[in-house]
Amino acid sequence: MYSKEVMDHFRHPRNVGKMENPDGVGKVGDPQCGDEMIIYIKVENNIIKDVSFETYGCAAAISSSSMTTEMMKGKTIEEVLQITNKQVADNLGGLPANKIHCSVLAEDGIRAAIDDYRKKSK
Amino acid sequence: MYSKEVMDHFRHPRNVGKMENPDGVGKVGDPQCGDEMIIYIKVENNIIKDVSFETYGCAAAISSSSMTTEMMKGKTIEEVLQITNKQVADNLGGLPANKIHCSVLAEDGIRAAIDDYRKKSK
Amino acid sequence: MNKIYFDNNATTRVDDEAIKIMNEYFSSEYGNSSSAHGMGIEALETIDKCREKIAAYINCEPSEIIFTGSGTESDNMALLGYCHLKKPDECHIIVSEIEHSAILNTAKELQKEGYGVSFAKVNREGIIDLDYLESIINEKTKIISIMYANNETGAIQPIKEISEITRKRNIVFHTDAVQYIGKGYIDVKKTEIEMLSASGHKFHAPKGVGFLYLKKGIHIKPLIFGGSHERKIRPGTVNVPYIVSMTKALDVAYRDKEKNTKYIAGLRDTLKTGILDSIDNIVINTPNNSVYNTLNISIPGIEGEAMLFSLSEMGIYISTGSACSSGDSKPSHVMTAMGRSDLEAHGSLRLSLSKYNSQDEIDYVIKSLKEIVDRIRKISPYK
Amino acid sequence: MNKIYFDNNATTRVDDEAIKIMNEYFSSEYGNSSSAHGMGIEALETIDKCREKIAAYINCEPSEIIFTGSGTESDNMALLGYCHLKKPDECHIIVSEIEHSAILNTAKELQKEGYGVSFAKVNREGIIDLDYLESIINEKTKIISIMYANNETGAIQPIKEISEITRKRNIVFHTDAVQYIGKGYIDVKKTEIEMLSASGHKFHAPKGVGFLYLKKGIHIKPLIFGGSHERKIRPGTVNVPYIVSMTKALDVAYRDKEKNTKYIAGLRDTLKTGILDSIDNIVINTPNNSVYNTLNISIPGIEGEAMLFSLSEMGIYISTGSACSSGDSKPSHVMTAMGRSDLEAHGSLRLSLSKYNSQDEIDYVIKSLKEIVDRIRKISPYK
Ligand SMILES: Cc1ncc(COP(=O)(O)O)c(C=O)c1O
Ligand SMILES: Cc1ncc(COP(=O)(O)O)c(C=O)c1O
């Protein structure tokens, strides 16, 4: 059902945890639907210096979060805004049809975190 | 399903066959419904001297005919008219509910044969 | 007593391979195909593999196969399900006079509900009269249901010709293939068919499982409501063991088709010749173009139940079109539709064979039949 | 990998005795119960003997038992079948909020067709609120359907009290006893019930067979039409092997009831205590008055599918009331009806045991659950 990559990121998620003094925080999802994702970022010179997440959700949601944070690290703000849910899913070796929304959530999470960062740094 | 008596009378029916010069013939039933019975009688001094039958029908119809002819033999006309379908069925050790109509046919057969005899001997 | 089972159009013995494969699904692979965990996923994969195999046999998509609990249910889903999405006064239905009660009584129910229903006639061979069929089609005709092969006579119907009529007129074509699948090849694309019913127990799978082929784009209203099994068209926990068994039985049927066809057709021909040679005044009700296992004859003047019962006493199991045995008052509607007289209809016997029958059995049946006919003819006013 | 199956409310492993007895009906006693010959009569006698046995277990007449193809079908026959003999505007129906989808979606279908439908509420324990139930009865209320025990929580409903309400008001009472039969005693005379649904695969019989108890004098419209099987209420060739198997499984269930109740309830209590002792912030969703095999808990802040999936990876099979696993968007309607928060509902797990489970399995599950909860809680924003 799940790919090896999904399994790996679910079992050993990267970049887990709340961040102290983040530069931006993106919170997306809805516990009513069974998923919520928080992405924390630290930005230096327009570059994602550090990123972490906390996710409430199924295995696909957790692994999508983990993969997304890995993909964000070291990229410029403009670059991370180019990340699509499709790329996340592809990097995970694909997701089952009924789990695609989890990667969409991750994409939304990136945007929300960047929005928050831009608001705060104005 | 069928009693031993029914089986016996079906396998070895008594008084089978067309009668030459009968005094009365009763024909009842309807091939459309899958059964027809002909009872032939010879009457002497108001007594059934001889009786035979031809029946088209199921095992219950054939054994009812056979039993009925056995019950008629040697009885007076008044006596055979007292024979009921219930007696026929009882003497056969009972009939399944959906086969009771076969014994009714036999009772009708007696009446028809006697009617025919009375008409002819008028 | 040895059992000689010549009633394979009523039901069949389950194939040994189809029994063997099913058993592990009772005690080991017993997951519910709706469960999200490993055992559930395995169960789902199992039935989907079955779906693929069955789809391949009739040349449709796997998603077009819906597993059901019987041929009767498949037939009802097709007919009731299709019509109940249409208004009664906008929907005219045609079924043949010789359909199984699963179609016939369903059509009569629709008639009661206000749908227009017409009945296609057959000729003396028990084969659909195509001209008559065309003549009863009207502008409201939405669905035609005609069986692939008849259960009483084995007569194979002109399915190709009917599908040309329905395709031309844009009418949905349903066929009850319960008596044909596994015995003949079916291709729902080559011969355009929109819906097709099948039942496992006619081809050496268990009783209580079947399927409906429902062409993509054809919508039916479910008969029952509940979970989301079988795309919500047929809810209820999926009967994995029987589906596996049915699939295996179909595999075996098509794997051994050539061999079995030859063998069983051979037995039937010997049976037919043997009966015709030893008993006179026989009417043959099975036409030349028939499934190879069925022989229906009439012995006018002998009521079928008396025959059936006498044979059963000897361990020979057959069926009859006479009423007496079924509690009904009229003889077989199929015999009547074929123009058989009352005596012929009540004297009809169906002998339907399978791969489990033998030449010895055939010989014994011919001999026994002759004896019984002789005995009962003596009793009957019709000789 | 060892399989630890804690999902017995989804489906069960078929009992060995129930497998054994069924097998001879595939290859030897395979007659069609509608056939008039010896093998048919034997098949009919077989199912009628099963009917007698089952009737005795719930204290009804054998003729009041109708064999069906599933619990879903039984439920639909009761609800659709009963209502379809009444006009929509003259018939108000009550079902509970916590019914299985086989009742819930059927009631919603009836609602679409114009019938009045009200939903009975439950309290925080998941038990019917009798005062509320009485308050929604109106003069058109014709039928109330409330389950005997709930499949997600195991909560046993106040069936006796409900039957007193329905009797007093002359309302037909249907109960879905799918999760109760075989685990508790049922007496449809003492506790007056007009219709009752059961499904074999919840008590160690196969999937795809069930029955409906239909009290004499209560009329329902059949869902399907065809032959005269099951008094024309449920046509289709009768599934003799599964009926035999279901009957044997019920025999075994009631024969071993005391022993198994004690054993399984003991396992469940150890499981409950073990979980409560090792994991904090657990909500118990199974009330005291429940079937003895079910434990439903919520671990708020952990989404159920993540748990289910992690356990499944370790060979432990359970179920969850979270949406993610079923493709739906909302969490369990039962949890919501019980006033559970979204996080509680999405974090609900059902562990349902059977006689095939062991103390070792319980210990292993407690340990595994704790490990997984610890791991996933670290990832969750809700600790
Ligand atoms: C032609 C035909 N259609 C439908 C059916 C019904 O199938 P089932 O017995 O599986 O309901 C049968 C046999 O019973 C049949 O012969
Ligand atoms: C309470 C309840 N009712 C009905 C059903 C449906 O039974 P079946 O799966 O046999 O259709 C189930 C289980 O699936 C159930 O738990």
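Chain letters run A, B, ... following the sequence lines, proteins first and then strands; every chain starts at 1.
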Contacting moiety of [X], where chain C heavy atoms sit under 4.5 Å:
X	result
D/Lys232	neither
D/Val209	neither
D/Phe309	neither
D/Asp75	neither
D/Lys108	neither
D/Ile318	backbone

Part of [X] within contact of chain D (heavy atom distance under 4.5 Å):
X	answer
C/Leu223	both
C/Leu79	neither
C/Phe26	both
C/Lys20	neither
C/Asp7	side chain
C/Ile224	both
C/Asn76	side chain

Is the shortest distance from a Lys or Arg side-chain nitrogen in C/Glu29 or D/Lys3 to a carboxylate oxygen in the other one below 4.0 Å? yes
Name the orientation class of the two ring planes belonging to C/His84 and C/Tyr115 (parallel below 30°, tilted from 30 to 60°, perpendicular beyond 60°). tilted
Single hit among C/Thr106, C/Ile233, C/Thr72 for side chain to side chain contact (heavy atoms under 4.5 Å, CB included) with C/Met77: C/Ile233
